[in-house]
Amino acid sequence: RTVTPAWILAQFKHSSFRHQEPTLDQCWTGLAHPSQKRKAAPDTRNKGGGWIQKSRNLHEFAPVTVVKASSVDNPMILRIHQAKKKRIQSQQSSSSGGDSVGVVKNPPLCNRGRNEGISNMLKQLSNLHLECPLGTMDHWRAYHYGLMAGRVKQLDFEIVDERVLPRLQHIQGFGDSIRNKIKEYLQTGTCQKIKELERDPYRKAVQSMIKIWSIGPIKGKELVELGYRTIRDVRKGLSRGELDGLSANAKIGIDCYEDFEERMSRSEVSQIGDIVIRTCRQVLPGAEATIMGSYRRGLPNCGDIDVLILHPDFVETTPKGALGRLIRMLHQSGHMLHDLTSVDGMTAGGNGTELQSESDDSVFHSRSSEIEGQGETSMGLQKYGHYHGSSSYMGVFASPTDAGKRRRIDIKIYPYQERAFASMYFTGNGDFNRSMRLWSSKARGMTLNDHGLFPNGTDFANGKESVDKLKGASLPAATEEDIFELLGLEYRAPSERDSFDAIVEKSTSQPVAIVELDKGEIHHEMKHIWID
DNA sequence: CGGCAATACTG
DNA sequence: CAGTAT
DNA sequence: GCCG
């Protein structure tokens, strides 16, 4: 049933399910429970001049989050469990946990914002390594810095001075290097490593090359070796004909360099979405098209537009040529400027890809052998063939709101039966997807992708050949909730899918404690919570 | 010292 | 297949 | 960079 705030308060009062002391079978994570992220710490801190200073024992800095350490095969829980054991051994203490007042399932929205400074520092380090992976290992450095940038924000305490460093030691992912950088940050307010990386002219040059869409670390380095340091250099080189070897996509990337750096407002995204969706319905009546990505996650601005297309009549297949037809129509109306991938029959983002010809179908007929009966009328129901699989398109869209600005757009179409998996994937974010897939594989022995969820051992590994088997072998899910359920994870609304740590095992009847929230807060946070 | 998600598209 | 992308 |  749906739980009202009043009901929850009543439960708290009557303590019908009370917070229990964590036993060894349980653990806390060192991470704040999502529900306490915003509220708890500021409160506690403000009382009596900072509890971090007051309390030395570890039970006090992570007072609540009681998560059952159930499945032992869950690596994340396992690690955390491990960490706790370690801690328990080294440090014994008596009481704690007085603040928890009740339990809910399916905890509410994550609120971030703690340890901003440190998080930003780690994020910077991540980016500096990510954008310029000079050594082969840098990629994973960046990965880990990124994860930790997310994790510090979820800590249930503020890192205000060095005394918390030993506590950090017990939290998964904070090793010597990162703790030292945090220490440095606490002492000096900066990080020499960042300065150093930012100073390095080579790295800086490669960074600016890498920001060109379709230029990665390898080509970026090549360009720098050739003497190009800035986007201006590259443009100059291009105009001199020195860089003819670059791909068509790279040329688009160079042309749109500044535009692609920019983020757009939600309103612009929704307007672009409207255009695409309306056109889509013309081309494919009955289609369900939705804006996904960061827009769906509710971010205030977005780096690109992601549109997912489904059609209930195409359950195991996709309408052959529909995506191409949509793209072509968008080209004709002047909205779509460039293709970065080819679609169905259309040519790739190559040279003459623009408006090809007048005859609506010439492109399709000439390119795609597969078209069966193309119903002709531009707005009637088309008869589409069945393409077995999904397809995805990347392109460049003309901003309807900001004249001259060009926006990255991705459009994907999937068989209807894959809709839950496709929308999960396409909603992201990236870290969340990786976390979820890691969980699937390590904790559940299954492989999760945008087509389905497959018990390992299923014969899906050999690429395109087995797409069919792959589909057939997937556990069925009609909704995203189903997927969380299948994986034994707490449901997360799109807006909550914002980090690697946003994944929590579904407590099997094991309550999750929350800290005191005032009524307004509870009302605000919980009025939509579903409790089974 | 191996693993860190899993896949699509291009040339 | 490597590189870039999601 | 960190973990097992």
Side-chain angles (χ1 to χ4, degrees), chain A residues 75-76 78-83 86 122 125-126 128-130 133 135-149 151 168-169 171-181 193 209-222 245-250 253 260 292-294 303-306 308 339-344 347-350 389-395 408-412 414 418 421-422 424-442 446-454 456 460-464 467 470 500 503:
Chain A
M76 312 200 197
L78 242 182
R79 288 186 201 164
I80 287 161
H81 192 69
Q82 205 82 17
K86 227 189 284 172
L122 295 174
L125 282 164
S126 171
L128 285 166
H129 289 285
L130 182 71
T136 11
M137 273 4 259
D138 276 7
H139 168 63
W140 294 113
R141 283 208 176 82
Y143 170 81
H144 198 263
Y145 276 128
L147 288 196
M148 293 308 113
R151 192 161 292 169
L168 274 183
Q169 193 161 9
I171 297 169
Q172 183 68 22
F174 294 89
D176 292 345
S177 172
I178 287 185
R179 272 183 291 116
N180 282 334
K181 289 194 174 58
K193 187 70 181 175
M209 296 302 114
I210 284 177
K211 285 195 285 187
I212 301 169
W213 198 91
S214 85
I215 301 294
I218 304 294
K219 282 184 201 150
K221 273 182 250 180
E222 276 173 32
L246 288 178
S247 68
N249 281 355
F260 287 178
M292 313 297 289
S294 49
D304 67 358
I305 310 111
D306 307 300
L308 173 65
D339 304 318
L340 298 166
T341 63
S342 59
V343 187
D344 287 4
T347 56
S390 60
S391 47
S392 69
Y393 168 82
M394 301 190 288
R408 279 277 297 104
I409 184 166
D410 295 342
I411 306 175
K412 297 173 196 277
Y414 281 84
E418 296 175 13
F421 300 99
M424 279 288 306
Y425 164 68
F426 216 11
T427 298
N429 70 10
D431 283 346
F432 184 85
N433 285 344
R434 293 169 81 161
S435 178
M436 196 121 172
R437 290 172 178 199
L438 190 63
W439 168 274
S440 303
S441 116
K442 297 294 193 276
M446 294 192 279
T447 298
L448 175 68
N449 61 27
D450 52 340
H451 300 287
L453 178 63
F454 310 94
N456 280 351
F460 64 84
N462 317 334
K464 326 216 166 186
V467 169
L470 195 152
F500 199 88
I503 278 175

J.: Consider the side chain of A:Thr447, meaning its heavy atoms from C-beta on, and name the nucleotide among D:dC3, B:dA5, B:dA6 that approaches it most closely.
T.: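 Ranking D:dC3, B:dA5, B:dA6 by closest atom to the A:Thr447 side chain puts B:dA6 first.
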J.: In this structure, how many angstroms lie between the P atom of B:dT7 and the CG atom of A:Asp450, rounded?
T.: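 So the CG-P distance, A:Asp450 to B:dT7, works out to 8 Å.
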J.: Figure out the CG/P separation between A:Leu122 and D:dC2, and round it to whole Å.
T.: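 Atom-to-atom, A:Leu122 to D:dC2, this comes out as 10 Å.
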J.: Map A:Ser247 and A:Asn433 onto DNA chain B by nearest heavy atom, then report which one ends up closer to the 5' terminus.
T.: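 In this pair, the answer is A:Asn433.
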J.: For A:Asp304, what residues pass the side chain to side chain contact (heavy atoms under 4.5 Å, CB included) criterion, not counting sequence neighbours?
T.: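 A:Asp304: side chain to side chain contact (heavy atoms under 4.5 Å, CB included) contacts with A:Asp306, A:Arg408, A:Asp410.
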J.: Regarding A:Ser440, tell me which of base, sugar-phosphate or nothing describes its non-hydrogen contacts under 4.0 Å with the strands shown.
T.: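 The answer is nothing, as A:Ser440 stays clear of every strand by at least 4.0 Å.
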J.: State, with a plain yes or no, whether a side-chain heavy atom of A:Met424 is found less than 4.5 Å away from one of A:Met436.
T.: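 SC-SC contact between A:Met424 and A:Met436 confirmed.
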J.: Could you work out which one of B:dA5, B:dA6, B:dA8 sits closest to the side chain of A:Asn449?
T.: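 The answer is B:dA6, which lies nearest to the side chain.
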J.: When you compare B:dA5 with D:dG4, how far apart are their P atoms, in angstrom units rounded to a whole number?
T.: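 So the two P atoms sit 16 Å from each other.
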J.: What nucleotide among B:dC9, B:dT7, B:dC4 has an atom nearest to a side-chain atom of A:Lys442?
T.: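 Between B:dC9, B:dT7, B:dC4, the one nearest the side chain of A:Lys442 would be B:dC4.
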J.: To the nearest angstrom, how far is A:Phe421 atom CZ from B:dT7 atom C1'?
T.: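 Computing the A:Phe421:CZ to B:dT7:C1' distance gives 15 Å.
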J.: Please state how far atom NE2 in A:His129 lies from atom C1' in B:dC4, giving the value in whole angstrom units.
T.: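 In whole Å, B:dC4 C1' and A:His129 NE2 are 16 Å from each other.
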J.: Considering only heavy atoms, which members of residues 424-431 of chain A lie under 4.0 Å from some atom of DNA chain C?
T.: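 DNA chain C contact set from residues 424-431 of chain A: A:Tyr425.
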J.: Touch check for A:Leu448, heavy atoms < 4.0 angstrom, all strands: base, sugar-phosphate only, or nothing?
T.: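 Touches sugar-phosphate only.
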J.: Please identify each residue that fulfils side-chain hydrogen bond (donor to acceptor under 3.5 Å, both in side chains) with A:Arg437, with sequence neighbours left out.
T.: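 For A:Arg437, no residue satisfies side-chain hydrogen bond (donor to acceptor under 3.5 Å, both in side chains) once neighbours in sequence are set aside.
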J.: Pick the nucleotide of DNA chain B nearest each of A:Tyr143 and A:Tyr393; which residue has the one closer to the 5' end?
T.: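 The residue closer to the strand's 5' end, by nearest nucleotide, is A:Tyr143.
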J.: Restricting to non-hydrogen atoms, name the atom on A:Thr341 and the atom on A:Ser392 that form the minimum distance, rounded to 0.1 Å.
T.: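 For A:Thr341 versus A:Ser392, the nearest heavy atoms are OG1-O, 3.8 Å.
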J.: Checking A:Tyr145 now: which residues fulfil ring-ring contact (aromatic ring centres under 6.0 Å, His included) with it, not counting sequence neighbours?
T.: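 Applying ring-ring contact (aromatic ring centres under 6.0 Å, His included) to A:Tyr145 gives A:His129.
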J.: From the set B:dC4, B:dT7, B:dC9, return the single nucleotide nearest to any side-chain atom of A:Met137.
T.: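 It is B:dC4.
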J.: Once rounded to the nearest 0.5 Å, what's the spacing between atom NZ of A:Lys219 and atom OG of A:Ser247?
T.: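 Between A:Lys219 NZ and A:Ser247 OG, I get 5.0 Å after rounding to 0.5 Å.
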J.: For A:Tyr425, check ring-ring contact (aromatic ring centres under 6.0 Å, His included) against everything at least two apart and list the hits.
T.: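 For A:Tyr425 there are no ring-ring contact (aromatic ring centres under 6.0 Å, His included) partners, ignoring immediate neighbours.
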J.: Given B:dA5, B:dT7, B:dC9, identify the nucleotide with an atom nearest to the side chain of A:Trp140.
T.: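 The nucleotide sitting nearest to the side chain is B:dA5.
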J.: Below the 4.0 Å mark, does B:dA5 have OP1 or OP2 next to a side-chain nitrogen or oxygen of A:Arg437?
T.: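 No, no such contact exists.
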J.: With heavy atoms of chain A within less than 4.0 Å as the criterion, where does contact along DNA chain C begin and end?
T.: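 First-to-last contact on DNA chain C, by the 4.0 Å heavy-atom rule, is C:dG3 to C:dT6.
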J.: Please list, chain by chain and in numerical order, all residues satisfying ring-ring contact (aromatic ring centres under 6.0 Å, His included) with A:Tyr143, sequence neighbours excluded.
T.: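 In terms of ring-ring contact (aromatic ring centres under 6.0 Å, His included), with neighbours along the sequence ignored, A:Tyr143 is linked to A:Trp140.
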J.: Touch check for A:Lys219, heavy atoms < 4.0 angstrom, all strands: base, sugar-phosphate only, or nothing?
T.: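 Sugar-phosphate contact only - A:Lys219 comes under 4.0 Å of backbone atoms but never of a base.
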J.: Which part of the nucleic acid, if any, lies within contact of A:Arg408, taking any heavy atom under 4.0 Å across all strands shown: a base, the sugar-phosphate backbone alone, or nothing?
T.: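 Sugar-phosphate contact only - A:Arg408 comes under 4.0 Å of backbone atoms but never of a base.
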J.: If you compare every side-chain N and O of A:His451 against the phosphate oxygens of B:dA8 (OP1, OP2), does one of them come in below 4.0 Å?
T.: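 For B:dA8, OP1/OP2 do have a side-chain N/O of A:His451 under 4.0 Å.
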J.: Just jot down the salt bridge (Lys or Arg N to Asp or Glu O under 4.0 Å) partners of A:Asp450, sequence neighbours excluded, or say none.
T.: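 Counting only residues at least two positions away or on another chain, A:Asp450 forms no salt bridge (Lys or Arg N to Asp or Glu O under 4.0 Å).
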J.: Under the rule for salt bridge (Lys or Arg N to Asp or Glu O under 4.0 Å), what residues qualify as partners of A:Arg434, not counting sequence neighbours?
T.: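 Checked A:Arg434 against salt bridge (Lys or Arg N to Asp or Glu O under 4.0 Å); zero matches.
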